[in-house]
Protein chains: 2
Amino acid sequence: MTTVDDIDVSQLKEINSLEGSLAQRVYLSLKDAILTLAFPPGAILRKGAICEALGVSRSPVSEAIARLSAEGLVDVIPQSATRASYFSMEEIREGAFLREALELAAVGKVARDCTDEQIAKIRRNFRMQLLSIEDGDFAGFYQSDEEFHAMLMEFTGYSRLKALSQMVSLQVTRARMILLPSPGRAGETVEEHRAIVDAITDRDPARAQAAMQAHLAQLVMRLAPLETERPELFRP
Amino acid sequence: MTTVDDIDVSQLKEINSLEGSLAQRVYLSLKDAILTLAFPPGAILRKGAICEALGVSRSPVSEAIARLSAEGLVDVIPQSATRASYFSMEEIREGAFLREALELAAVGKVARDCTDEQIAKIRRNFRMQLLSIEDGDFAGFYQSDEEFHAMLMEFTGYSRLKALSQMVSLQVTRARMILLPSPGRAGETVEEHRAIVDAITDRDPARAQAAMQAHLAQLVMRLAPLETERPELFRP
DNA sequence: CTTGTCGTACTAACATGTTAGTTGACGTAT
DNA sequence: ATACGTCAACTAACATGTTAGTACGACAAG
């Protein structure tokens with residue numbers, strides 16, 4: 001009934017517009033395609049096709065795929081094929097757990113040690129979120145939301161934390177793509193953010209952590225029904 | 001005064017005794033050499049020499065080095081060389097912070113959700129630790145200690161957690177190699193472990209987390225003087 | 001119609017060849 | 001002696017050739 005399963009069409013992001021080594025650019029291009037679901041779960045990644053589409057040899061593609069495999073975005077079937085990994089509610093829960101662990105530690109440290117200027121920057125970002133909501137600008141809100149979390153990571157002073165947090169929650173990020181942004185949810189989100197910002201302003205680590213925990217729990221709750229609603233994205 | 005700096009002698013672990021793909025075995029061999037300080041910080045890793053010593057081509061070696069680079073165990077100088085990374089107290093502190101974040105989350109979840117059999121296993125491991133101490137068997141205690149933490153990670157049910165925790169604290173693990181095991185410290189360690197085990201037995205997450213936090217803080221404290229005591233291991 | 005075997009076509013994994021950029025030594029001028 | 005420009009040797013990064021293992025369809029047997 002199935003032809004062979006899925007085949008990958010190559011509408012990859014042009015690698016010339018990216019920076020870094022060839023392998024790095026190929027990695028970013030493939031990662032983008034997987035996260036945006038241009039390569040849906042189960043799609044087969046053909047090295048040959050990718051090389052041709054991007055105009056590079058197999059070396060940088062191999063390195064890129066090795067990294068994606070380490071991050072769990074692709075499943076490499078030895079000596080056979082590599083496919084975009086399927087969703088797995090267990091992996092999503094695990095990613096959310098790990099992200100929570102890191103974000104709680106981060107927000108706790110920030111509430112404890114951050115400078116007045118950093119608090120001011122956080123509050124400025126928060127006002128930006130409010131403006132985006134008022135304008136109904138979902139794209140802008142999404143961006144400010146990302147910046148909000150990234151800012152907290154950076155203000156810990158630990159350089160790897162941000163990248164690590166993004167890495168562990170890649171599956172969550174990908175699953176989040178399915179969720180449609182709703183006005184109601186954006187309003188709730190911003191209120192959850194407000195609780196976090198206020199706790200940080202009061203330099204109250206425990207309260208900031210509790211607020212962050214409540215905030216992150218919402219995402220998992222919204223993700224849970226996905227398994228029954230979109231079973232084709234999950235492993236057969 | 002310095003010849004060229006450091007050169008790498010190849011007393012690498014034989015790759016035939018390991019399992020997995022060639023690249024995986026090469027990776028494990030190199031990682032072991034770096035963690036045991038057979039390749040001291042600053043030592044130059046020459047692809048050619050490594051290929052010859054292990055009897056493989058450059059492909060698996062390149063992949064192995066790419067992974068080590070991602071984990072921060074080697075610094076790749078583009079188009080030039082790759083060396084075993086120097087210690088950095090900042091990175092060690094960051095590794096300890098990340099590890100703490102993950103272990104606290106893990107021990108909290110375990111204290112909350114684990115089964116009676118799992119508690120029994122933890123207590124069994126703890127008794128093993130006590131026996132090793134009594135016998136003055138430091139190697140045995142070290143191994144039980146590792147198992148203790150690994151066990152907590154596994155009992156969360158999250159498969160990637162253990163590997164991730166080990167990965168983020170690689171620098172800490174390497175620095176720990178310098179610390180000599182002392183009978184006094186082993187005794188303290190086991191008492192810190194006892195507090196954790198008791199809290200888990202009582203299924204008291206908050207107390208288990210506090211005990212774990214106290215335990216992990218000890219290691220950072222013992223690592224701190226290293227920067228002045230062994231400056232040659234740190235970046236010039 | 002089901003089940004098992006064989007063979008082919010395709011792939012990842014590994015080996016090797018090529019390119020281009022960096023480093024550091026050496027000679028030269030100051 | 002010291003600062004600087006040149007150049008040769010070495011390296012990572014990239015390209016390409018080779019090997020061997022897997023999946024899948026055709027076909028035969030039950």
Side-chain angles (χ1 to χ4, degrees), chain A residues 1-8 10 15-16 18-30 39 42-70 72-85 235-236, chain B residues 1-8 10 15-16 18-30 39 42-85 236:
Chain A
M1 141 256 247
T2 55
T3 47
V4 218
D5 241 311
D6 286 320
I7 226 169
D8 92 69
S10 289
I15 60 173
N16 299 324
L18 302 165
E19 55 186 2
S21 68
L22 255 188
Q24 170 73 4
R25 281 179 282 169
V26 173
Y27 163 75
L28 290 174
S29 179
L30 292 176
F39 289 173
I44 295 175
L45 303 180
R46 296 177 199 286
K47 269 194 186 150
I50 294 168
C51 293
E52 201 176 350
L54 297 179
V56 298
S57 78
R58 303 194 307 268
S59 298
V61 175
S62 293
E63 190 180 326
I65 288 181
R67 274 202 261 173
L68 293 169
S69 171
L73 286 179
V74 301
D75 291 333
V76 176
I77 301 140
Q79 311 289 5
S80 171
T82 120
R83 20 179 84 217
S85 62
R235 204 178 315 277
Chain B
M1 137 241 262
T2 56
T3 48
V4 219
D5 239 314
D6 286 321
I7 227 170
D8 93 70
S10 289
I15 60 174
N16 297 323
L18 302 164
E19 56 186 0
S21 68
L22 256 190
Q24 170 74 3
R25 282 178 281 167
V26 172
Y27 163 76
L28 290 174
S29 179
L30 292 176
F39 289 174
I44 295 175
L45 277 67
R46 297 177 199 284
K47 268 195 187 150
I50 294 168
C51 293
E52 201 177 347
L54 297 179
V56 300
S57 77
R58 302 195 307 269
S59 298
V61 174
S62 293
E63 189 180 328
I65 288 181
R67 273 202 261 171
L68 293 170
S69 171
E71 293 174 351
L73 285 180
V74 301
D75 292 332
V76 176
I77 300 140
Q79 310 289 4
S80 172
T82 120
R83 20 178 84 220
S85 63

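Nothing here was measured: the structure is a model prediction, and the numbers come from that model. Naming: A, B, ... by sequence-line order, numbering from 1 per chain.
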Want to know the stems of DNA chain C: at least 3 consecutive Watson-Crick or G-U pairs with distances under 3.5 Å, which are they?
-> C:1-30 with D:1-30

N/O donor-acceptor pairs under 3.5 Å from side chains in residues 59-69 of chain A, not counting sequence neighbours:
residue, atom, partner, partner atom, Å
Ser62(A), OG, Lys47(A), NZ, 3.1
Ser62(A), OG, Arg58(A), O, 2.9
Arg67(A), NH1, Gln24(A), OE1, 3.0
Arg67(A), NH2, Gln24(A), OE1, 3.1

Could you check how far CD1 of Ile65(A) sits from P of dT11(C), rounded to whole Å?
-> 12 Å

Starting at atom CG of Leu45(B), determine the distance to atom P of dA12(D), rounded to an integer number of angstrom.
-> 9 Å

Using whole Å, report how far CZ of Arg83(A) lies from C1' of dA23(D).
-> 11 Å

OP1, OP2 of dC10(C) versus side-chain N and O of Arg46(A): anything below 4.0 Å?
-> no

Take the protein atom CG of Asp75(B) and the nucleotide atom P of dT23(C), then report the distance between them rounded to whole Å.
-> 14 Å

Have a look at Ser62(B) and say if it touches a base, only the backbone sugar-phosphate, or nothing, with a 4.0 Å heavy-atom cut-off.
-> nothing

Once you round it to whole Å, what is the distance between C1' of dA12(C) and CD1 of Ile44(A)?
-> 13 Å

When every non-hydrogen atom of Leu18(A) is compared with those of Arg25(A), the smallest separation belongs to O-CD, 3.2 Å

Of all heavy-atom pairs linking Gly72(B) and Ser85(B), the shortest is O-OG, 3.0 Å

Where the side chain of Ser29(A) meets the backbone of Ile15(A), is there a donor-acceptor pair that is under 3.5 Å apart?
-> no

CG-CG distance between Leu73(A) and Leu45(A), expressed to the nearest 0.5 angstrom = 10.5 Å

Closest approach of Glu19(A) to Leu28(A) (non-hydrogen atoms, all atoms of both residues) = O-CD1, 4.5 Å

Salt bridge (charged side-chain N to carboxylate O under 4.0 Å, His left out): pairs with one or both residues in residues 69-79 of chain B, sequence neighbours excluded = Asp75(B)-Arg235(B)

Please state how far atom CZ in Arg67(A) lies from atom C1' in dA12(C), giving the value in whole angstrom units.
-> 19 Å

If a protein heavy atom is under 4.0 Å from the base, mark B; if only from the sugar-phosphate, S; if neither, -; do that for nucleotides 14-22 of chain D going 5' to 3'.
-> SBBBB--BS

Here the gap from Leu30(A) atom CG to Thr82(A) atom OG1, rounded to the nearest 0.5 Å, amounts to 9.0 Å

